[in-house]
Each structure stands twice: as C-alpha cells, then as structure tokens.
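The figures here come from the full heavy-atom set of this structure, side chains too, leaving out hydrogens, waters and symmetry mates. Each chain gets a letter, A, B and so on, in the order its sequence line appears, and its residues count up from 1.
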Amino acid sequence: MAKKLFLLDALALIYRAYYALIRNPRITSKGRNTNAQFGFTNTLYDLINKEKPTHLAVCFDTHAPTERHTEFVEYKANRQEAPEDLLDSLDDIKKIIKGFNIPVVEVDGYEADDVIGTLAWQAADQGYEVYMVTPDKDYGQLLIHKNVFIYKPGYQGGDVEILDAQKVCDKWSIERVEQVVDILGLMGDAVDNIPGIPGVGEKTAAKLLKEYSTLENVIANADNIKGALGEKVRNGKESALLSKKLATIITDAPVQFHEEDYKIKEWNKVDLIEVFTELEFKTLGKRILGDEFNVFQSTTVAVQTEMFAATTEPKENGQKDLFGNDVPAKTPAKAAVAEPVESGFNADKNINNTPHEYILVDTDEKAKDLVQKLLKEKEICFDTETTNIDANDAELVGMSFSYKPFEAYYVPAPADQEKTKQLLEIFKPLFDSTETTWIGQNLKYDLLVLKWYGIELAGNIYDTMLAHYVIEPEGRRSMDLLSAQYLNYEPVHIEELIGKKGKAQGNMRDVEVEKIKDYAAEDADITLQLKYALQPGLKAKEVEKVFYEVENPLVKVLTDMEFEGVRIDEGFLKEYSRILESDASDAEQNVYAGAGVKFNLASPKQLGEVLFEKLKLDPKAKKTKTGQYATGEDVLLKLAQTNPIVDDILTFRELTKLKSTYVDALPLMINRKTGRVHTSYAQAVAVTGRLSSNNPNLQNIPIRTERGKEIRKAFIPRNSDHVLISADYSQIELRIVAAISGDPNMCEAFKQGIDIHTATAAKVYGVEPGEVTKEQRYKAKSVNFGIIYGQGAFGLADNLGISRTEAKEIIDNYKKEFIGITKYMDNTTNFAREHGYVQTLMGRKRWLRDINSSNFTVRGFAERNAINSPIQGTAADMIKLAMIKIHEAIKKEKLQSRMILQVHDELVFDVVKSELDIIQPLILENMKIALPLPNDVPVEAEVGVGDSWLAAH
DNA sequence: CTGCTCACG
DNA sequence: ACGTACGTGAGCAGC
C-alpha cells in the first residue's frame, strides 16, 4: 500500500473554519463559540476517515518572528488581532490533536507553510504521496515535486478538492507550477500585506508570465512593455522581487521528516471524549467515537470536565481565602488540562501489564478463610453484583473484595435467598468490625443492597466516587472513565456481560460465574487502585476536610433515608387525579372554543402558532433558539390581558403538569415490598455540593400554588402512631451571605431577629422598619434573592415588572447600604480570578475556568457562579453536617423515628408520637450548631408537626 | 434524543 | 451588540 502523508496547516484551517460559520455560529449552552474547533475536527476526521492516511502531522506557526518579518516590516502587519473566540479555540484544538494522537510540528522562526514545504519534499523524496491540507493557494508552488498535492477541505457540505500541478496551473492560467511564485510576486497578496506591483492583478500577472515566463524576465523586459502597464512594472520591480521572495515557501527549514513519528497511532479516546463533551459535539462525537461516546456519556452530568491539574508549585506564603484559611497553591484558571496527579502508587504498573490474581470463593470454607484474612486488613475495597440497578429491588449475585492491588476475591451468592442470608452470616464478623474502612465506588448502592438483607457495615466509608466529586465537582465519574483517566486502563464493560440497556439487557444472575468473577474482581481491584490514585488529589486540592467530615459520613445517612422511604396515600392521589383530569379538560375545551380551532394544547409549537399567527396576539413572542415561538409562563402572563384563553392555557398547563409529573407518577413508584416510595439521592452530581433527588424526585414536590400543595397531603406518616415533622432553616442562604461578607447592617438585622426583607427595605428606601410597605418589602425580598445569584438591573426589572431605571436605583441603594455585601461580591470574583476557584466554609471548592475569559457572556456566567457557589455550597455543607449529627443522635438514643427526606434547607422525619418531645429539640439543636457561622450570625430553624407533609409545614 | 416547559430550593 | 439569576429532575412533543 502506498504511504500517504497528510500535513495540516492548522491555523489556516482554523481561520477558514471559523469564518465559514461566522453567520451561523455554533454556540454552546455556556455561550462559547466553537466554530473553529468544530470545523477543524470535522476536517481532520473526514480526511482520516476517507483518505486513510498512513502518516499525519499538524503544523502550527509560532509566535517567533520569521525572516520575512525582519526583511519586510510590513509583512502581515495589516493583520487584525484574531477574534477572542478563535484564540480561545487553540487550546481545545491542541487537545483534540493530542486526542487523535497526531504530532504537532512547529519551528520557531518559520511559518507553517515553510515547515510543511520542507517536510513535504523530504517525504516525497522517500516515495510518499504527500497531501498538504490547506485552503491557501500559495502552496501551489510546492507542487513542483510530483508526489506532492494540495488537499483543500470542503466547508459546509462543499466537496474536498485535491489539486495536482495541472489543476494549479489551470487555476492561475499559467503553464508551470514554478510560476506560482512569479505570479504572487507580481500581484502581491493583500491578506499577507505583500505589495506586489500595484495595479497588477491575477489576470495581468498571468498575461505577463505567458509572454516572459518568469518574473525576472518580465523585469528584464520592462522597457519593452508598452503603456501604463510598462510604467507600473518599471516602478514596481523591486517591490515585485521582494514580494516573490516573501511568497516563496522555504523548503529547507530546520526540520527533519521521521516517518516513525508521523505514523497513524491509536487515539486517546478519553481525551477526545472529554473535549468533545465540553464542546458539546454530540453528533460529531458520536460519529467519531461511536458507542464509546455513549458509554462515557451515560451519567447525568453535563458539559464541563474540570481540570485535575496537579500543582507542584510551592504554596504562596500568606495566601488567605475569603474565610481567612490558607489556600492551596495557585491553580491556573485557564488552559487547564486534565492530567492525573502523580500518585504514590506506581503508575507504570497497570492491569494490562501486571499479572493479577482474581480468586473465586465458592465454598463456605473458602469464605471463612477469606473473612479471617480480611479481618486483619484495615482497608478493604468492596463491591456487590446484583440483579437490578435499583438497589431497593435487587438481589445479591455476588460480592468482591480487594485489599491489595492486582489481587481480588469474588464470592458468588446463591439464587436461593435463604442461602444467601446464610452466606452473609459468615461475613458478619467482618461487616461488624469497627476497625475496617470500606473503600468503594458509590458505596451507598452496596450498603442499600446489604441493608435489605439486614446487614450494616460498622466501619468507616471511603467512597472513590465522592473523592472524585470533591476533587473535580463538574467532572463525570463513571468507573470506566475514572479507570481510563487515572489508571490508564479500560475495564471490562458491564455490557459485555449482560448486554446493552433496554429490552435486550440480560440479568447478572444468568451470567456464568467465571465471567462475573473476572468482571467483579476487577472492579474491586480497580476501585482500590483508584483510591490510591485519587488520594494525592485530595491533598493537593485541599478538599480532605469536606471529603472526610461531610461526604463520607453522609453515605450511611442517605442509605438509611433511602431505605426508609416515605408513605404515600395512593387513594388520595387517585381521587385527585380525577379532579385534575376533569378541570384540565374544561380548561382545554375553553381554549379550543376561544381560539376557534382544535389543536394539541400540550404542544408548545402548535400553541405558539395559534397564539401568534392565527390570533395574532401582542406582544409578539420572542422565538426560541430553534425558531419556535416561546410560550413559557412569563410570555403567557404578558398576554393574559389580551385574550381570555390565556388564563385557560395557564390553568391547563398547571393541572396537566401536576397530574402527569406527580399525581399519576408517584403511585407508580411505590415499592411493592414496602408500600413506600424510596427516592434516590445523588451525592456527586450537583456542582455546588447540594444533593439531588431522583426516581422519583422528591425535592420538587409542589408547594407554591393552592392546587399544587394539595399533593403534599399525600405524603403521610408510617401509621397512626406516627406523625411527620418538617424542620427547615430560616433564610439560611442570606444568613450565610451576611456571615461570610461580614456586612454590619445585615449581620445586625439577623442578630436582632428582625425580618430580613423588612430590614433590607428599610435601608434601601431610607425609612424606619415600622414604616416599610408591603410593596417595599416585596421588592426588597426580590433584591435579596437576586443578590445571591448575581442578578443585575435587567433581571430585577424583569422580575418585578418595574423599569430598569427603578431597578438600577434600588440596586445602587442596596449596594450603598450593604457595603459589606458589595465588597463580598468584588472579593469573591477577584479571588476566583486569581486562584481559579471559590470555596465554601468547609473548603468545598468549585473551579471556574472561564472567570478570566474576555467573552462577556462566558465570564458573566463564571462571575455569578463565583458569587453564588460559596453561598449555596455552604448551605449544603451545613445541612449535610446536621443530617450526620441527627442520624448519630437518633442511633445513640435508640429512637424509632427516622429522617426520611431532605429538600436543601428542610429535613422531614417520620416520627413516633411518643418520641416527639425528645426528637424536636434534638433536630433543632443539631441543625443550629451543625456549622457555626462567622461574625456570630445566628442560625435559626423551625419545626412543624402534622399528619401530612402539608400539615407539618 | 433534544428542546421546551415547569416543579422545587 | 451582546444577554441578562444560581442549582436541580421529569414529562412531553417532535425530530
């Protein structure tokens, strides 16, 4: 097979890609323009795919000046600064090139075309077919060598064009490719600011060369050229000669073609996945990586992967954070590249090249031996295999253990559940050991599985998923991905055992034991190794406190809450569903009657067309980014006056939402064994440190509207001896703002116990607290919340329906009266700009790579995150600590009551009536002292008791 | 599978 | 001229 070398002129391709899409830019959800990255990737992949090169390299210009610059100061002096978007793309593009495992060639003092020219000719001499990938026509001169071609990529569906010498000559209307430099010398090049001969363009240049063959000969015959043209040539001969020199591509640059280096190599798929995910290349990512892109996409987390840059820089002396703590060594906010930290663990060894021992433990005798062995170990990695991803409905299929790398044990569990219980009895001494630290990936799952068998682990928890969460809160952290990233090893995929998700997915129970053993033991082995690999990161990032004091201890708390579940009044919901059905249907009919057409009211697309095209309602709605009319609640409210059907539409929306999302959905989630609903808390999803809840989400049960809050009547105590308690923090986020900003006015208001929104209104409007009107309080409340999120005048105006002038006035007053808060906002953004992250009171960090972006929108996002994350995150730290303390206290007091739900600033308990007196103060006290705030800002919490969640409020 | 809409803090 | 308040999960329509 012929050897085919492709040399890419990176910057030329990037510029071309960027401007090709300029009128129809690709913008990510975070506002980044990704034209260049997209165009470049497309070109690169298409050529790899279609042309099957055997060798590849990408060439860049460097910043160093070239001889052309020293010889001719005007050279490229007309170039405008490249757009910021485009410059920002370079890091991504280099990452992509690295992902494709292609060498980058750049030589100081030489431009990419010189490098490419030199390499092309060398390779061609060695018998390669060489394709120079560029949109630049100047390369035509290099086609003097007969094995060299220009490969001009197509843009926006255009076709690729491969140019040989003949085609180049045809383009320029010349006879020999040698004449390309002559023609460039004559006509110049506006793009590079090469003058040529003023007044001589492409056509004239070709005509002259046809007659005189070379530039030099044209000049020699200048006197024979008649008329104005002759005059121009005579005046411009020096300029022309210089221009020719500038346009001549150097073919003896100091660079050597080594064929080994440029050979096509395996892609670094993890790098590609990471960068494609960040750039939101969904379709393209899938086209390039196929199903593997899906595998790594499978978790819920979006967009960004944060850096994991191990910083070896020395700690800067005297650096303090906003809370006066030492800060870790400066982490670059920009240009952060994922690079696993050097671990104490030997990274050169991996599962590919190191013999491993995975041992099947399939008799009671072997199991007993294993237990004895494990009892001597302090740290044991543990993993379960089960029949179901829902731990509440799963049977144990087997357990794996590992306490040293490359050695793991797999213990199959019999299908007969009684026998499995007997097997677990053998392990009881181990499970009961308080000396053991249990290492695992998402141990909550395994703990929950065991809990259904009546087993609890007495030891400590070390969850690698949570370690990664605090190190890199925005990253994705499936086992596959972590293993690839930190251990450089791609584990056996679960699909290889039980097939892909969906109908065809099989059951772990049906897989032969040997296969499960290899998979399961490997999982425990990998997880143990991950622990070693992640450990240095915890230290480097200074997130050990939040990891050991908050996240790990919370695992058992959440396990118990999920196990407990909550009782739902199914009958009540069935009845309520009928009412909603009937009322929604009435509203729907009203809409059709009022509009004069029948359509699908549940379709925003159809509704938009009816409202704005058929009924021509005003104000005409803005379009969404897909070109549809927006029909969200805010839009509809502005239309409410113009047509009575709008009210009915809103009613229909409200009722169908309640019905489908809650009233009809919740009964379907009732567990058959318990008759209760068991949500699942995601502990490593929300970037700020909050929990999230799913299957079902019990953190967004309606409360704001009358018909919505009815649903809370369906959340009821275990039985008639029980009641529900709801305990919630009062204004926790604002207290945190006051405390960490130290603003005297706001701190004082909380210390005095004055209603915070009234106090704010009094300051902003310059009146006594007693004189604050309802409206002033309402507006002040909106400002208070807006501040937490970094809202501006526009947002406040929109929110309150007031003018931007008034909004600005309110905000200006606010900033003046609460100067400490203004300072906090400045300080926290400055801190982020300098260090690349912000943090909570417990040292939970969030990295903000865009904080120094010059893109207004992108930077704005990061700045608002800088303001909000420490607040939201500190509140999350606080309630998590409270949960741990309350859980401990309930255990210690041997109470029958249970914590069952968490909703960010609220905890719900299923309480035995006889324990009410003891548990209420226990809850309140622990919530208040969980995380003391600076500046003596008091923390308040309130409890309510009732026969339903609604009544408990 | 994606985008829109809407439920919560 | 830009776009404008943070963090989530779920159901539905329509491609």
Side-chain angles (χ1 to χ4, degrees), chain A residues 25 27 29 31 33 280 282-283 286 294 297 300-302 473 599-608 622-636 649-650 653-666 669 679-682 685-705 708-709 711-712 728-729 731-733 782-799 804 807 846 855-873 875-876 879 901-906:
Chain A
I27 308 287
S29 58
N33 178 321
E280 298 174 14
K282 289 162 197 155
T283 320
K286 220 175 292 168
N294 283 329
Q297 294 281 299
T300 43
V301 188
F599 59 100
N600 183 356
L601 185 50
S603 158
K605 182 175 143 88
Q606 296 182 32
L607 175 61
K622 46 185 178 349
K623 298 271 182 93
T624 65
K625 63 177 169 184
T626 49
Q628 307 300 322
Y629 295 104
T631 65
E633 194 181 349
D634 51 336
V635 175
L636 295 181
I649 296 169
L650 287 166
R653 281 257 175 94
E654 183 192 356
L655 302 187
T656 49
K657 171 86 178 177
L658 294 176
K659 183 170 183 291
S660 68
T661 308
Y662 306 101
V663 177
D664 291 347
L666 282 172
M669 303 294 292
T679 185
S680 176
Y681 290 101
V685 166
V687 285
T688 53
R690 275 189 176 180
L691 298 175
S692 81
S693 152
N694 58 44
N695 291 311
N697 183 353
L698 294 186
Q699 288 180 323
N700 72 347
I701 302 301
I703 192 163
R704 291 171 188 171
T705 67
K709 67 165 71 153
I711 292 167
R712 293 194 173 217
D728 64 326
Y729 281 114
Q731 304 294 359
I732 191 59
E733 293 200 351
S782 187
V783 185
N784 272 333
F785 284 116
I787 289 295
I788 297 175
Y789 306 136
Q791 184 183 46
F794 183 98
L796 183 65
D798 192 53
N799 194 350
R804 271 164 77 178
R846 175 168 186 185
N855 178 321
F856 177 93
T857 312
V858 171
R859 191 181 63 246
F861 261 111
E863 285 168 354
R864 293 193 295 273
N865 284 331
I867 292 169
N868 177 257
S869 296
I871 304 168
Q872 193 180 113
I879 196 165
L901 299 173
Q902 190 254 39
V903 194
H904 310 306
D905 66 353
E906 175 190 5

Exercise for the section: Select base, sugar-phosphate, or nothing to describe what A/Q606 touches, counting heavy atoms under 4.0 Å on all strands. Expected result: sugar-phosphate
Practice task
Return the set of residues passing side-chain contact (heavy atoms from CB on, under 4.5 Å) with A/S782 (not counting sequence neighbours), or none when no residue passes.
Solution key: A/L796, A/N799, A/L800
Problem - A/S692: partners by side chain to side chain donor-acceptor pair (under 3.5 Å), with sequence neighbours left out - result: none
Handout entry: Stem regions touching DNA chain C, defined by at least 3 consecutive Watson-Crick or wobble G-U pairs below 3.5 angstrom
Key = B:1-9 with C:6-14
Practice task
Examine C/dC2: is either OP1 or OP2 under 4.0 Å from a nitrogen or oxygen in the side chain of A/T857? Give yes or no.
Solution key: no
Problem - Qualifying residues under side-chain contact (heavy atoms from CB on, under 4.5 Å), relative to A/D798, sequence neighbours excluded - result: A/K638
Practice task
Describe the nucleic acid contact of A/R864 in one word from base, sugar-phosphate, nothing, applying a heavy-atom distance below 4.0 Å.
Solution key: sugar-phosphate
Problem - A/R653 side chain, from C-beta outward: closest of C/dG7, B/dC1, B/dC6 - result: B/dC6
Problem - Within residues 697-704 of chain A, residues whose heavy atoms come under 4.0 Å of DNA chain B - result: A/Q699, A/N700, A/I701, A/P702, A/I703, A/R704
Exercise for the section: Applying side-chain contact (heavy atoms from CB on, under 4.5 Å), name anything that partners A/K659, two or more places apart in sequence or on another chain. Expected result: A/S577, A/L580, A/E581, A/D664
Problem - Euclidean distance for P, B/dC6 against C/dG3 (whole angstrom) - result: 22 Å
Problem - Touch class at under 4.0 angstrom, heavy-atom based, for A/E633 against every strand present - result: sugar-phosphate
